[in-house]
Amino acid sequence: MRRRVLTGVVVAGFVLAGLPATAGATTAPAALEPVAAAAPIAWKPCPPATLTGVPPEQHQNFSCAYYRVPIDHDNAALGTIDISLLRRHARQPAAKIGSLFLNPGGPGGPGLRMPISADRYLEPEVLDRFDLVGFDPRGVGTSNPLRCFTTAEDQADVFAKQVAVPITRAEMSDSLAAYREYGEFCDRNAGSLLDHMSTKDVVRDLDLLRAAAGDQKLTYVGFSYGTLIGATYANMFPKATRALVLDGNVDPKLRTSDGLQYDRERARGFELSLDAYLTECANVGAKCAFSAGGPRQKFDEIREHLRGQPIPLPGGGQVDIHSFTNGVGSALYNFSQFASLAEQLQQVYEVLHPPAAKVLSAADVPVLTTPGNRARYDVQPDTPYTSDDSYFAVNCSDKRFKHKQSKLPEIAAAWEKESRTFGRVQAFSDAAGCPVWPGDEDVYAGPWQAKVATPVLVIGNYYDPATQYEFSKRMTQQLGNARLVSVDAFGHCILGDSQGVDDLTADYLIDLKAPAPGQVFQPDVAPFDPVFATD
């Protein structure tokens, strides 16, 4: 394994033809000089397939491009890759402020089409005043996807050996072996990009894209892992930071210094969210189909039964511990799924305690029966495999894991004691794969206290499963100038689901109006509200 950690980075040069000049390495200062000039982005009409779902008469409001960036911003000899971009034009060009860059998180989440659906999470006045720019980060989607496999058969063979919740000795051994094989395939096939997939590299790309779009300073909205991109940008390029909105935050210091403890705390975050969900279910009574008889006790009974054996369904199919854990974890991301999850949990419980109300089959409880072999809780665990391997490429570059893979059974057992539902599944993800990952660790690991002109807007839900509220508090404390906005809500991220937060965010992005500290908002709809009954 090749490992290096960046705490002081190089000073960037000016840009010609979209590529920065090579600069000499140095250990200080930590902050970079932002790119001052870059070849402009050559926007063109988007291919119709990229605008799927957009009425043809609106296609003229979008444009697309590829922009060339170096694989290694400090060594042009390694060559280049192309970043895929999509722009949604500001609706009031005469009043345009600039570009607003978007990132959905992941890591490995494709952001190219985010501007198309921006009406869901940004206010109309924001769409009026900004060109919205979505992009697939390096190695992701249509931006030179990093691929560890040359055939789908090889990929299927490797991942077939993994299960989400390895319990038996054979399951643990097979899962760890699969990660070793995964790393071997990546070492053979991924090429030089494998060593340049860190968040620091993405941020260097983003600064280049900012300049190429014609903006002196960056305006940015990032979700989940995308909050680490924003925090890193604010500290690498504080002089080029205009306004950053970070929704559903990571703990940047912990994530980049101790990956094992970070993932352990992530498992606790899912447990906290699950416990709050079951408590809310009990409190709302008949609105929650799983409320009668004690939701916590019933849930634990189902889970403990599944740890020993699957639950066959009378109408066909079964629920096993792997699909159950992945399904519950996925549902916690979005409180619109809470009522449906409760209904399916109750139906499965009634199989254990007949007579059931109906002959239940797998089709009746899809959340709890859909297979999911690889639970990655930065993204929804049921996200389809998209033929790139950027998730581990980024996380194994950014997170520092100091343990040997052979310690995983011991680690998983310890985490499971404190996080009974999600401890083991979280342990057998990054902590299992990164110790045998072949790429370099090349992380920006701070400092995090750079003073930006306008406070960074940090938004955190009280019961966010993937990025627990404590992480948003730490993000605010670690950044040199930030304001925390809290939301008494379930689910992962909140923009688009709390009008108060949406209004505040619009004022911040347009007028640089920082929110007053200590504000707490509510979601627009309660989690078991009937409006979600058919979702």
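Note that this is a predicted model, so its numbers are computed, not measured. Atom set for the values below is all heavy atoms of this structure, side chains included, hydrogens, waters and symmetry mates excluded.
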Would you say Gln261 and Glu265 are linked by a side-chain donor-acceptor pair, where the criterion is simply a distance under 3.5 Å?
yes
Note: Ser390 and Gly108 closest approach over all heavy atoms is OG-CA, 3.2 Å
Nearest atoms (heavy-atom pairs only) where Gly460 meets Ser472:
CA-OG, 3.4 Å
Which heavy atom of Arg138 sits nearest to which heavy atom of Ile81, and what is that distance?
CB-CD1, 3.6 Å
Would you list the pairs meeting salt bridge (Lys or Arg N to Asp or Glu O under 4.0 Å) in which at least one residue belongs to residues 155-164, sequence neighbours left out?
Lys161-Glu181
Leu86 vs Thr50, test: side-chain contact (heavy atoms from CB on, under 4.5 Å). Steps then yes/no.
CA-CA 9 Å; Leu86 183 148; Thr50 304; 3.5 Å; yes
Taking the six-membered ring of Phe290, is the NZ or CZ of Lys298 close enough (under 6.0 Å from the centre) and on axis enough (within 45°)?
yes
Trace of the side-chain contact (heavy atoms from CB on, under 4.5 Å) decision for Leu246 with Val221
CA-CA 6 Å; Leu246 310 182; Val221 175; over 6 Å; no
Side-chain heavy-atom pair Gln318, Ser323 within 4.5 angstrom cut-off:
no
Relative to the ring of Phe223, is the ring of Tyr121 parallel (under 30°), tilted (30 to 60°) or perpendicular (over 60°)?
perpendicular
Do Phe422 and Leu274 touch side chain to side chain, with heavy atoms closer than 4.5 Å?
yes
Report the residues that fulfil salt bridge (charged side-chain N to carboxylate O under 4.0 Å, His left out) with Arg188, sequence neighbours left out, ordered by chain and then residue number.
none
Under the side-chain contact (heavy atoms from CB on, under 4.5 Å) rule, what do Val351 and Val319 come out as? Steps first, then yes or no, please.
CA-CA 11 Å; Val351 173; Val319 179; over 6 Å; no
State the CG-NE2 distance between Asp464 and His492, to the nearest 0.5 angstrom.
5.5 Å
State, to 0.1 Å, how close Leu193 and Asn144 come at their nearest heavy-atom pair, and which atoms those are.
CD2-O, 3.6 Å
Using only atom types and a distance under 3.5 Å, with no angle test, would you say the side chain of Glu416 pairs donor to acceptor with the backbone of Ala412?
no
List the steps and the verdict of salt bridge (charged side-chain N to carboxylate O under 4.0 Å, His left out) for Arg474 and Glu470.
CA-CA 6 Å; Arg474 294 179 196 169; Glu470 178 64 26; 3.3 Å; yes
Does Thr227 reach the main-chain N or O of Ser224 with its side chain, forming a donor-acceptor pair under 3.5 Å?
yes
Just do the side chain to side chain donor-acceptor pair (under 3.5 Å) check on Arg255 and Asn395 with the steps written out, would you?
CA-CA 9 Å; Arg255 185 184 179 107; Asn395 271 349; 2.6 Å; yes
Donor-acceptor pair, side chain of His59 and main chain of Pro48, under 3.5 angstrom:
no
I want to check something: taking the side chain as every heavy atom from C-beta on, are Phe62 and Val54 in contact at a cut-off of under 4.5 Å?
yes
Within the 6.0 Å centroid threshold, strictly below: Phe335 and Phe490:
no
Between Pro145 and Asp388, which heavy-atom pair has the shortest distance, and what is it?
CB-CB, 3.7 Å
Could you grab the distance from atom CG of Leu146 to atom SG of Cys186, nearest 0.5 Å is fine?
6.5 Å
Sort out for me which residue in Thr199, Thr256, Ile229, Leu228 forms a side chain to side chain contact (heavy atoms under 4.5 Å, CB included) with Val250.
Leu228
Side chains of Gln344 and Ser340: is there a donor and an acceptor less than 3.5 Å apart?
yes
So, Gln426 versus Arg264: side-chain donor-acceptor pair below 3.5 Å or not?
no
Between Glu301 and His353: side-chain donor-acceptor atoms closer than 3.5 Å:
yes
Between Glu271 and Arg268, is there a side-chain N and carboxylate O pair less than 4.0 Å apart?
no
Please determine if Arg420 and Asp300 form a salt bridge, counting it only when a charged side-chain N lies under 4.0 Å from a carboxylate O.
no
Considering the options Tyr179, Phe401, Tyr182, which one meets the ring pair (Phe, Tyr, Trp, His ring centres under 6.0 Å) requirement together with Trp437?
Tyr182
Kindly assign one of parallel, tilted or perpendicular to the pair Phe185 and Phe149, based on the angle between their ring planes and the thresholds 30° and 60°.
tilted
Once side-chain hydrogen bond (donor to acceptor under 3.5 Å, both in side chains) is applied, what residue pairs with a partner in residues 273-290 remain, sequence neighbours excluded?
Asp275-Arg296
With distance as the sole criterion, is a donor-acceptor pair present between the side chains of Gln346 and Glu350 under 3.5 Å?
yes
Where does the angle between the aromatic ring planes of Phe324 and Phe299 fall among parallel (under 30°), tilted (30 to 60°) and perpendicular (over 60°)?
tilted
Main-chain N/O of Arg400 paired to Asp258 side chain as donor or acceptor, under 3.5 Å
no
Keeping Asp364 on the side-chain end and Ser361 on the backbone end, is there a donor-acceptor pair under 3.5 Å?
yes
Hey, are Asp430 and Lys399 close enough for a salt bridge, meaning a charged N less than 4.0 Å from a carboxylate O?
yes
Using only heavy-atom distances, determine whether the side chains of Asp502 and Thr505 contain a donor-acceptor pair under 3.5 Å.
no
What is the minimum heavy-atom distance between Ser429 and Tyr391, and which atoms define it?
OG-OH, 3.9 Å
Please assess Asp119 against Arg88 for the test salt bridge (charged side-chain N to carboxylate O under 4.0 Å, His left out), listing each intermediate value before the final yes or no.
CA-CA 11 Å; Asp119 313 66; Arg88 179 174 180 167; 2.7 Å; yes
Nearest 0.5 Å please: distance from the OG1 atom of Thr421 over to the CZ atom of Arg307.
9.5 Å
Between CG of Asp398 and OG of Ser198, what distance do you get to the nearest 0.5 Å?
5.5 Å
Do Phe428 and Met172 make a side-chain contact, defined as non-hydrogen atoms from C-beta onward lying under 4.5 Å apart?
yes
Taking atom CG of Asn189 and atom OG1 of Thr150, what is their separation to the nearest 0.5 Å?
5.5 Å
dist Leu112:CG -> Cys46:SG (nearest 0.5 Å) comes out at 7.5 Å
Please check this pair: side chain of Tyr225 against backbone of Gly109, looking for a donor-acceptor N/O pair closer than 3.5 Å.
no
Is any NZ, NE, NH1 or NH2 atom of the basic residue among Glu410 and Lys404 found under 4.0 Å from an Asp or Glu carboxylate oxygen of the other?
no
For Tyr469 and Ser486, run side chain to side chain donor-acceptor pair (under 3.5 Å): C-alpha distance rounded to whole Å, both residues' side-chain angles, the deciding distance at 0.1 Å, then the answer.
CA-CA 8 Å; Tyr469 178 67; Ser486 305; 2.6 Å; yes
Going by atom types only, do Asp136 and Ser84 share a side-chain donor-acceptor pair under 3.5 Å?
no
Should Gln499 and Glu123 be marked as a side-chain contact (heavy atoms from CB on, under 4.5 Å) after you check the CA-CA gap, both sets of side-chain angles, and the distance that decides it?
CA-CA 9 Å; Gln499 190 62 52; Glu123 289 298 285; 3.1 Å; yes
Keeping His89 on the side-chain end and Asp131 on the backbone end, is there a donor-acceptor pair under 3.5 Å?
no
